[in-house]
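Notes for the one structure printed next.
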Amino acid sequence: MKLKTKNLLTLSDLTKKEFNQLIDFSIKLKKELKKEKTKPLLKNKTLTMIFQKPSTRTRVSFEVAMFQLGGHAINLSSNDMQLSRGESIEDTAKTLSRYTDCIMARVYDHNLLEKLSEFSAVPVINGLSDTFHPCQILADFMTIKEKKRKLKGLKLAWIGDGNNVCNSMINGCALAEMKMSIATPKGFEPNRRVVNKAQKFTDIEITTDPSKAIKNADIVVTDTFTSIHNRDPKRTKKFIPKYQVNSNLMKHAKKNAIFMHCLPAKRGSEVTSSVIDGPQSVVWDEAENRLHTQKALLVFLIHA
Ligand code: CP
Ligand code: NVA
């Protein structure tokens, strides 16, 4: 299985067919793992991970993915690299390409990933930038497919901040032909260019009314109101209480709707404990599925 793209910087690097193949392959890899039948598909391959920002799930799931597939992962904080002393991205990319088979980077500025991929001879994966989080959304759509048995035609409601995860979710809905309704306060809408592009493929609604967005939704999603790159300490006040996903708001969604959150969550802020710990929540499967989708992605990119 091969991807047309060398890198995965945003989900729009993928075709619809590739997106669906990645999800189906992830489901297969998950089943193989549960039966203890994982094949060493990345034997002797190495992934370099660069983190400018903190991480729990991304770091651990990529590292475990490489280990379980017979490969190895190297974890680097950008502060410990010569990058922090002024070595250029260009020289860093060229050097790392001589040692490893793939680079995953979590960065602030998305342009840094573009530069890294331009000068890297090996695939570059976006492990979150200020603008996108494609790996998260692969895991989210795998989770939706497991729970709903289909993607096309479902309605997904995004409540809260139109942030990096939201931008990637919009790309995902366009690829999956799922309807998306986004409720954000004024001034916190997702990237306009991402929305305009996605609207050519599916129905993307933007509103300031959470109960309108969530009406008849099959999937309800939120994320922290303060992302790592946000600096304004008063930011959260613009979202609470109207944009909190709580049991009252969930009543407007379909009865069998699922609740998703990429984590880390701030209970009592963007979501209440009653929802995130309640029967509709699938957040732990969602977190686990990072492992399976990243395995699929690594195999597709490294063997391309
Ligand atoms: N969802 C996610 O990317 O989590 P981490 O920040 O812990 O990697
Ligand atoms: N929007 C969050 C996601 C964390 C996984 C952030 O960028 O901090």
Side-chain angles (χ1 to χ4, degrees), residues 8-11 26 47-66 73 75-78 103-113 125-144 156 158-172 182-185 187-191 194 219-233 235-236 238-240 243-245 259-267 269-271 276 281-295 297-298:
L8 188 85
L9 304 191
T10 85
L11 284 182
S26 308
L47 168 75
T48 299
M49 308 191 287
I50 304 172
F51 286 94
Q52 284 189 334
K53 295 171 170 173
S55 166
T56 299
R57 281 144 287 268
T58 304
R59 192 239 148 128
V60 178
S61 54
F62 266 108
E63 190 162 335
V64 173
M66 286 303 292
N75 183 44
L76 296 169
S77 155
S78 59
I103 301 169
M104 187 279 291
R106 169 168 285 198
V107 301
Y108 285 92
D109 185 353
H110 189 81
N111 291 325
L112 199 143
L113 286 170
I125 299 173
N126 177 2
L128 181 144
S129 67
D130 290 358
T131 330
F132 294 105
H133 196 2
C135 295
Q136 180 63 51
I137 301 309
L138 284 176
D140 288 6
F141 279 82
M142 174 185 175
T143 312
I144 297 168
L156 185 146
W158 178 279
I159 313 291
D161 191 15
N163 63 11
N164 44 6
V165 182
C166 181
N167 288 335
S168 287
M169 187 64 89
I170 295 167
N171 285 337
I182 303 158
T184 69
F188 295 88
E189 296 86 3
N191 184 294
V194 174
I219 304 120
V220 179
V221 194
T222 189
D223 185 16
T224 179
F225 295 146
T226 308
S227 286
I228 304 166
H229 60 275
N230 295 137
R231 296 276 172 253
D232 178 8
R235 191 184 160 85
T236 299
K238 297 176 180 141
F239 293 87
I240 290 178
Y243 296 90
Q244 182 185 72
V245 179
F259 170 77
M260 302 182 78
H261 190 310
C262 66
L263 306 175
K266 211 160 179 208
R267 285 174 164 75
S269 186
E270 72 273 9
V271 61
I276 198 168
S281 174
V282 298
V283 298
W284 309 117
D285 293 320
E286 186 184 358
E288 177 191 327
N289 286 341
R290 295 290 304 275
L291 173 68
H292 311 298
T293 44
Q294 276 150 204
K295 274 185 184 166
L297 180 64
L298 287 162

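We count ligands from 1, going down the list as the structure has it; atoms in each ligand are counted the same way.
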Show the atoms of ligand 1 that are less than 4.0 angstrom away from any heavy atom in [X].
X	answer
Cys262	1 (N)
His133	2 (C), 3 (O)
Ser55	5 (P), 6 (O), 7 (O), 8 (O)
Thr56	5 (P), 7 (O), 8 (O)

Test item, Asn230 contacting ligand 2 (heavy atom, 4.0 angstrom):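 Flag not set, Asn230 not near ligand 2.
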Would [X] and [Y] count as having a side-chain donor-acceptor pair, cut-off 3.5 Å?
X	Y	value
Gln294	Ser61	yes
Asp130	Asn164	no
Thr131	His110	no

For [atom], what's the nearest protein heavy atom and its distance?
atom	result
atom 6 (O) of ligand 1	Arg106 NH1, 2.8 Å
atom 7 (O) of ligand 2	Asn164 ND2, 2.8 Å
atom 2 (C) of ligand 1	Arg290 NH1, 3.4 Å
atom 4 (O) of ligand 1	Arg57 NE, 2.9 Å
atom 8 (O) of ligand 2	Ile228 N, 2.8 Å

Within ligand 2, which atoms have a heavy atom of [X] less than 4.0 Å away?
X	value
Asp223	1 (N), 2 (C), 3 (C)
Leu263	5 (C)
Leu128	3 (C), 4 (C), 5 (C), 7 (O)

Sub-4.0 Å heavy-atom contact, Leu263 with ligand 1: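 It does; at least one heavy atom falls under 4.0 Å.
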salt_bridge(Lys266, Glu270) N-O dist < 4.0 Å: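 No salt bridge links Lys266 with Glu270.
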From Trp158 atom CH2 to Asn167 atom CG, the distance as rounded to the nearest 0.5 Å: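 Nearest 0.5 Å value for the CH2-CG distance: 9.0 Å.
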Spacing of Arg290 atom CZ and Thr56 atom OG1 [to the nearest 0.5 Å]: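 The distance works out to 10.5 Å.
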Evaluate the side-chain proximity of [Y] to [X]: yes if any heavy-atom separation is below 4.5 Å, no if none is.
X	Y	result
Leu263	Asp223	no
Asp161	Arg235	yes
Arg57	Cys262	no

Ring centroid separation for Phe188 and Phe239, is it under 6.0 angstrom?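 Here the rings of Phe239 and Phe188 have centres that are less than 6.0 Å from each other.
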What about Pro264: any of its N or O atoms under 3.5 Å from an N or O on ligand 1?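 Min N/O separation from ligand 1 is not below 3.5 Å for Pro264.
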Any nitrogen or oxygen of Ser227, main chain or side chain, under 3.5 Å from a nitrogen or oxygen of ligand 2?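 Yes.
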